[in-house]
Amino acid sequence: MPATQNGQDENWIDNMIELLLSARNKKPGTPVDISVQDATQLCTQARDVFMSQPMLLELGAPIKICGDIHGQYTDLLRLFEYGGFPPEVRVNNWQNLGL
């Protein structure tokens, strides 16, 4: 991938993260307005990252393990409030057992 494309992708992802985190201090259930195209691209890129990861992870302590949050975005935000938001904390210190 050309450097400019990679930079554009990183900028797009940073903007998406900022948009999604805008719900941080709002009432639970407040919608975050993203387009179908952005949601699809976000899922596609997340899938690519997950597929590039090994099936067995060797993780170092300390680690935070969270359970199934049943797709509740506000619960995910609360977990990050408690344990720290990536990249403020090492992302590999979080292990999710299902969303």
Side-chain angles (χ1 to χ4, degrees):
M1 176 180 306
T4 56
Q5 181 65 35
N6 189 29
Q8 290 173 347
D9 285 347
E10 287 181 18
N11 189 42
W12 178 83
I13 290 171
D14 288 343
N15 289 337
M16 288 302 301
I17 291 170
E18 186 177 324
L19 176 64
L20 292 169
L21 289 180
S22 69
R24 244 169 138 166
N25 299 316
K26 295 182 181 171
K27 180 180 175 185
T30 300
V32 176
D33 188 28
I34 64 172
S35 69
V36 171
Q37 179 182 1
D38 283 341
T40 302
Q41 183 177 351
L42 190 60
C43 290
T44 301
Q45 288 190 9
R47 181 186 184 279
D48 292 345
V49 169
F50 292 141
M51 295 302 289
S52 72
Q53 300 292 316
M55 290 296 259
L56 176 64
L57 300 175
E58 294 184 29
L59 304 170
I63 186 169
K64 295 167 182 65
I65 300 174
C66 58
D68 191 347
I69 59 171
H70 300 279
Q72 297 300 311
Y73 185 62
T74 52
D75 291 346
L76 177 64
L77 289 176
R78 191 170 346 131
L79 287 170
F80 284 148
E81 288 288 342
Y82 168 74
F85 281 83
E88 296 166 8
V89 295
R90 290 181 36 213
V91 175
N92 60 352
N93 281 7
W94 277 95
Q95 179 62 44
N96 179 11
L97 299 180
L99 291 175

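Quick note: residue numbers are just sequence positions, from 1.
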Fill in: Closest non-hydrogen atom pair, Val49 against Gln53
O-CG, 3.1 Å
Discussion item. Between Tyr73 and Ala23 (side chain of the first, backbone of the second, donor and acceptor by atom type, cut-off under 3.5 Å), is there such a pair?
Written reply: no
Worksheet item: Going by the salt bridge (Lys or Arg N to Asp or Glu O under 4.0 Å) test, which pairs reach into residues 75-84, not counting sequence neighbours?
Response: Arg24-Glu81, Asp75-Arg78
Worksheet, complete the sentence: Shortest non-hydrogen pair, Leu19 vs Val32, comes out as O-CG1, 3.6 Å
Worksheet item: Among all residues two or more places apart in sequence or in another chain, which pass the side chain to side chain contact (heavy atoms under 4.5 Å, CB included) test with Ser52?
Response: none
Worksheet item: Does the pair Gln72 and Leu76 meet the rule for a side chain to side chain contact (heavy atoms under 4.5 Å, CB included), with working shown?
Response: CA-CA 7 Å; Gln72 297 300 311; Leu76 177 64; over 6 Å; no
Worksheet item: How close do Lys27 and Thr30 get, heavy atom to heavy atom, and via which atoms?
Response: O-OG1, 2.6 Å
Donor-acceptor pairs are to be reported for all side-chain atoms of residues 36-45 against protein atoms at under 3.5 Å, with residues two or more places apart or in another chain.
unit_1	atom_1	unit_2	atom_2	d
Asp38	OD1	Trp12	NE1	3.2
Asp38	OD2	Ser35	OG	3.4
Thr40	OG1	Val36	O	2.8
Thr44	OG1	Thr40	O	2.9

Worksheet entry | Value rounded to 0.5 Å, distance of CE in Met16 from CG in Leu21 | 10.5 Å
Practice prompt. Take atom CG of Asp33 as the centre, draw a 6.0 Å sphere, and report whether it contains more than 12 heavy atoms from other residues, nucleotides or ligands.
Written response: no
